[in-house]
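What follows is a short report on a single structure.
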2 protein chains.
Amino acid sequence: MNKSFEGYESSSSGKAVPRSLQVADQLRESILSGGIPPGERVNEVQLSQRLGVSRTPTRAALHALAAEGLLDYETNRGFTVREYSPQSVAEGYEIRAVLEGLACRLAAARPPDPKVTALFEDALALGDDVVAGFEGTTAQMEAYRQSNVLFHTAVITAADNQMLEDTLRLALARPATSLRNIVSFSQNPVRRRHDDHHRIYDAIRAGDGWRAELLMREHVTSVKYNELERRPAR
Amino acid sequence: MNKSFEGYESSSSGKAVPRSLQVADQLRESILSGGIPPGERVNEVQLSQRLGVSRTPTRAALHALAAEGLLDYETNRGFTVREYSPQSVAEGYEIRAVLEGLACRLAAARPPDPKVTALFEDALALGDDVVAGFEGTTAQMEAYRQSNVLFHTAVITAADNQMLEDTLRLALARPATSLRNIVSFSQNPVRRRHDDHHRIYDAIRAGDGWRAELLMREHVTSVKYNELERRPAR
DNA sequence: CCAGCCTAAAGTGCGCACACTTTGCGCATC
DNA sequence: GATGCGCAAAGTGTGCGCACTTTAGGCTGG
């Protein structure tokens with residue numbers, strides 16, 4: 001299975017990537033980016049032709065995405081893109097909040113690992129740079145987005161738990177709940193969120209799991225409220 | 001041997017269940033019950049023959065279970081049963097604890113729904129009966145197990161959130177983390193856990209999300225410690 | 001006797017064909 | 001004009017075969 005959170009499964013790795021995985025990745029991307037509207041039926045034959053593969057790998061991908069919860073499946077009727085109510089999306093952030101909070105608590109309980117430390121410090125350093133001269137340019141927003149992904153990925157890595165990783169990947173692979181989805185790019189929210197990152201890392205490093213957990217919960221929950229503000233009813 | 005011995009035509013619904021789903025269910029059951037040891041490779045052809053179906057539905061099921069996290073997948077090497085370290089299992093309970101805690105908080109925030117109320121009261125009534133004259137007989141243990149499943153299912157239903165339901169289902173579908181896995185059947189633990197259930201329900205009904213969340217977290221966490229005690233190192 | 005290569009067997013990747021189910025539309029009936 | 005009815009087209013379910021990759025021995029040269 002694809003083990004990256006925001007991963008591009010580059011075919012340049014030398015390994016031949018099976019079509020079934022390619023189809024799964026492309027389809028996932030289409031769904032997450034809204035390219036295929038929720039509720040729409042996914043036709044095996046059409047999808048196969050559009051992607052230039054036969055039905056067999058397509059079917060494998062569809063079954064996988066259904067197991068991930070991105071698609072609904074009905075016998076003899078095929079797959080449809082699952083719909084999530086706005087309320088459901090909001091509660092998706094709650095899920096992220098408690099799970100990433102747990103990840104912080106577990107991370108704080110672990111002895112420091114140089115590799116993990118490097119991940120955190122890279123993420124924070126990138127964020128520091130962005131925040132220093134933040135003016136809201138596209139490049140800066142992209143850089144901040146990246147530092148955000150790096151930081152949250154570092155937390156998950158630091159927790160070092162396969163099941164949590166799986167569970168979180170599922171929770172993150174939802175429209176509008178993704179890590180890439182930075183809600184507000186105005187200066188103060190960005191500064192504040194970056195400051196949160198520093199505090200969370202400090203708490204983890206200090207072994208203060210309780211503080212790290214609460215900080216992360218609030219950190220993610222605040223994004224939920226930003227999101228709700230941005231799209232009041234939809 | 002195609003459709004030779006399919007006696008029942010799916011008694012409940014009359015719908016034909018696709019082989020791919022049947023295979024997925026059987027395989028999931030085998031894995032969860034330990035019938036296939038962790039780390040073992042799953043051979044498509046052998047599995048297909050054992051279940052009397054062709055490779056096609058088998059492949060679909062394998063891809064689905066891989067997406068669920070029960071199997072690992074490697075290109076051109078196929079599927080293996082995922083291994084979970086004892087530590088991982090322990091942290092599986094942590095995941096359950098925070099997620100079911102969240103479910104309780106959400107449930108408490110909802111207006112009461114008669115159907116949900118009925119679910120809770122059925123589960124609790126069954127538990128009351130069992131606890132009343134508990135002697136540890138097999139039938140009683142089975143009944144308690146059932147009341148436990150019913151109660152936790154009621155909580156998830158009460159939270160009424162598709163994403164949370166998906167996420168929890170995944171977290172519960174793990175060896176040793178399953179709801180069915182009642183660790184201790186001695187009298188006091190059973191009484192205590194059943195009392196927890198009552199308190200949790202009271203808190204939800206009273207709209208006290210904070211109390212409900214904390215009670216559930218402790219409730220599940222205590223099972224983790226029981227489990228760790230029971231299988232010290234392994 | 002060991003290391004490395006070479007080859008055959010085993011196993012996965014995937015296209016394809018055909019059976020069965022669902023869906024949509026036109027026609028007959030009331 | 002509304003309501004079924006039935007048939008054909010579209011779509012899913014699954015068996016099957018062949019190409020390509022991995023794996024496991026056995027053989028050969030050092």
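Heavy atoms only: backbone and side chains are in, while hydrogens, waters and symmetry mates are out. Every chain is numbered from 1, with letters handed out A, B, ... down the list of sequences.
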List the atom of A/Asn161, the atom of A/Leu164, and the distance in Å for their closest heavy-atom pair.
OD1-N, 2.8 Å
For A/Ile200 versus A/Ala212, what's the shortest heavy-atom pair and its separation?
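Residues A/Ile200 and A/Ala212, closest heavy atoms: O-CB, 4.3 Å.
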Every protein N/O lying under 3.5 Å from an N/O of nucleotides 6-9 of chain D:
none

Side chain to side chain donor-acceptor pair (under 3.5 Å) partners for [X], two or more places apart:
X	answer
A/Thr58	A/Ser48
B/Arg169	B/Asp166
B/Ser147	none

Length of the CG-P vector between A/Leu47 and C/dC14, whole Å
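Rounded to the whole Å, the gap is 14 Å.
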Can A/Glu213 and B/Arg217 be said to form a salt bridge (charged side-chain N to carboxylate O under 4.0 Å, His left out), step by step?
CA-CA 14 Å; A/Glu213 179 171 16; B/Arg217 271 175 85 146; 2.9 Å; yes
Would B/Phe120 and B/His197 count as a close aromatic pair, with their ring centres under 6.0 Å?
no
Using nucleotides 6-13 of chain C, report all nitrogen or oxygen pairs with the protein that are shorter than 3.5 Å.
| unit_1 | atom_1 | unit_2 | atom_2 | d |
| --- | --- | --- | --- | --- |
| C/dG11 | OP1 | B/Asn43 | ND2 | 3.0 |
| C/dG11 | O5' | B/Asn43 | ND2 | 3.3 |
| C/dT12 | OP2 | B/Glu44 | N | 3.4 |
| C/dG13 | OP1 | B/Tyr73 | OH | 2.5 |
| C/dG13 | OP1 | B/Asn76 | N | 3.4 |
| C/dG13 | OP2 | B/Arg59 | NH1 | 3.0 |
| C/dG13 | OP2 | B/Arg59 | NH2 | 3.0 |
| C/dG13 | N7 | B/Arg55 | NH2 | 3.2 |
| C/dG13 | O6 | B/Arg55 | NH1 | 3.2 |

Going by the rule salt bridge (Lys or Arg N to Asp or Glu O under 4.0 Å), which residues pair with B/Arg55 if we only count those two or more places apart in sequence or in a different chain?
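Residues passing salt bridge (Lys or Arg N to Asp or Glu O under 4.0 Å) with B/Arg55: B/Glu44.
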